[in-house]
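Here is the structure we will look at, set down as structure tokens.
Computed over heavy atoms, backbone and side chain alike; hydrogens, waters and symmetry mates excluded.
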Amino acid sequence: MDTNVILDWLLDREDTFAEEATTLFLAAEEHRLTIYISAGSVYTVTYVLHRAGKRGQKQREALQAFLHLVQVAGADKGTFLSASQLMTISDLEDGFQYQTALGNSAIQYFVTGNTKDFRLADQSQLPVITPAEMVNLL
């Protein structure tokens, strides 16, 4: 799952996929869906919790609750090198996220609210879909 979907859910952002993201995280809590995120997303969530006023123990507890809902997909130097050479994904951070997902055979879809950045990518191994499309697959 792309970080933007996580942020839609955490921040309940308007005009986004916040409602669909909530449905997906509820499905994860009910063990009907396994959500994979990148390690980079963990850093971003930690930062966003801090900015939202959750610090110290409250931040740690919120992060632990979030981490119980997801699996963290691994990445190594090769993942980042491959992503940095991808010319079909316009945003480098999106490339990192997608390459990380590609490296985990358990991941069936890459869920993002920003599919336009992936329109030129070869999606034969890992289709890129919106949170609304993922909800329809549940």
Worksheet item: So how far is it from Asp8 CG to Leu24 CG, rounded to the nearest 0.5 Å?
Response: 11.0 Å
Item to complete: Could you tell me whether the side chain of Met1 reaches within less than 4.5 Å of the side chain of Trp9, counting heavy atoms only?
Response: no
Worksheet item: Sub-3.5 Å donor-acceptor pair from the side chain of Glu133 to the main-chain atoms of Thr130, do we have one?
Response: yes
Practice prompt. Run through the side-chain heavy atoms of Ile, Leu, Val, Met, Phe, Trp and Tyr, join any pair under 4.5 Å, and report what else lands in Leu120's cluster.
Written response: none
Practice prompt. Enter the distance from Asp117:CG to Gln97:CD here, rounded to the nearest 0.5 Å.
Written response: 12.0 Å
Worksheet item: CD1 of Ile89 to OG of Ser84: how many Å apart, nearest 0.5 Å?
Response: 12.0 Å
Worksheet, complete the sentence: Note: Ala62 and Lys54 closest approach over all heavy atoms is CB-CD, 3.9 Å
Worksheet item: Is a donor on one side and an acceptor on the other found under 3.5 Å between the side chain of Ser41 and the backbone of Ile37?
Response: no
Worksheet item: Roughly how far, to the nearest 0.5 Å, is CG of Leu69 from CD of Gln64?
Response: 12.5 Å
Fill in: Which atom of Ile35 lies closest to which atom of Ala28, heavy atoms considered
CD1-CB, 3.7 Å
Worksheet item: So, does Thr79 use its side chain to make a donor-acceptor pair with the main chain of Asp76 at under 3.5 Å?
Response: yes
Discussion item. Membership question, hydrophobic clusters at under 4.5 Å side-chain separation (ILVMFWY): are Ile6 and Leu49 in the same one?
Written reply: yes
Worksheet item: Between Gln59 and Thr46, is there a donor-acceptor pair closer than 3.5 Å when you use the side chain of the first and the backbone of the second?
Response: yes
Worksheet item: Can you tell me if CZ on Arg51 sees more than 12 non-hydrogen neighbours from other groups inside 6.0 Å?
Response: no
Discussion item. Minimum heavy-atom separation for Asn104 and Ala106, please, with both atom names.
Written reply: OD1-N, 2.9 Å
Practice prompt. Scan for ring-ring contact (aromatic ring centres under 6.0 Å, His included) pairs involving residues 80-126, sequence neighbours excluded, and state none if there are none.
Written response: Phe80-Phe96, Tyr98-Phe110, Tyr98-Phe118, Phe110-Phe118
Fill in: Gly40 backbone acceptor or donor facing Thr44 side chain under 3.5 Å
yes
Item to complete: May I ask you to decide if Thr115's main-chain N or O and Thr112's side chain share a donor-acceptor pair within less than 3.5 Å?
Response: no
Item to complete: Determine whether Leu67 and Val72 make a side-chain contact, defined as any pair of heavy atoms from C-beta on separated by less than 4.5 Å.
Response: yes
Fill in: Asp94 backbone acceptor or donor facing Asp91 side chain under 3.5 Å
yes
Item to complete: Would you please name every residue forming a salt bridge (Lys or Arg N to Asp or Glu O under 4.0 Å) with Arg60, sequence neighbours left out?
Response: none
Worksheet item: Do Leu137 and Val5 belong to the same hydrophobic cluster, where Ile, Leu, Val, Met, Phe, Trp and Tyr are linked whenever their side-chain heavy atoms lie under 4.5 Å apart, directly or via other members?
Response: yes
Response to the item:
All heavy atoms of Ala83 vs all of Leu92, minimum pair found to be O-CD1, 3.9 Å
Practice prompt. Look up atom CD in Gln125 and atom CD1 in Ile107, then write down how far apart they are to the nearest 0.5 Å.
Written response: 12.5 Å
Practice prompt. Inspect the surroundings of CD in Glu61 and state if more than 12 heavy atoms from other residues, nucleotides or ligands are less than 6.0 Å away.
Written response: yes
Worksheet item: Is there a side-chain contact between Leu63 and Val45, using heavy atoms and a 4.5 Å cut-off?
Response: yes
Worksheet item: Can you find a pair of side-chain heavy atoms, one from Thr23 and one from Met134, that are under 4.5 Å apart?
Response: no
Worksheet, complete the sentence: Scanning both residues in full, the closest heavy-atom pair of Leu126 with Ala101 reads CD2-CB, 3.5 Å
Worksheet item: Is it the case that one hydrophobic cluster holds both Phe25 and Tyr36, taking links as side-chain heavy atoms less than 4.5 Å apart, direct or via other members?
Response: no
Worksheet entry | Flag if over 12 foreign heavy atoms under 6.0 Å of CZ, Arg119 | no
Practice prompt. Check Gly74 against Thr100 and note the closest heavy-atom contact, atom names and distance.
Written response: O-CG2, 3.6 Å
Discussion item. Around atom CD of Glu14, are there more than 12 heavy atoms from other residues, nucleotides or ligands closer than 6.0 Å?
Written reply: no
Worksheet item: Roughly how far, to the nearest 0.5 Å, is OG1 of Thr22 from CG of Leu10?
Response: 9.5 Å
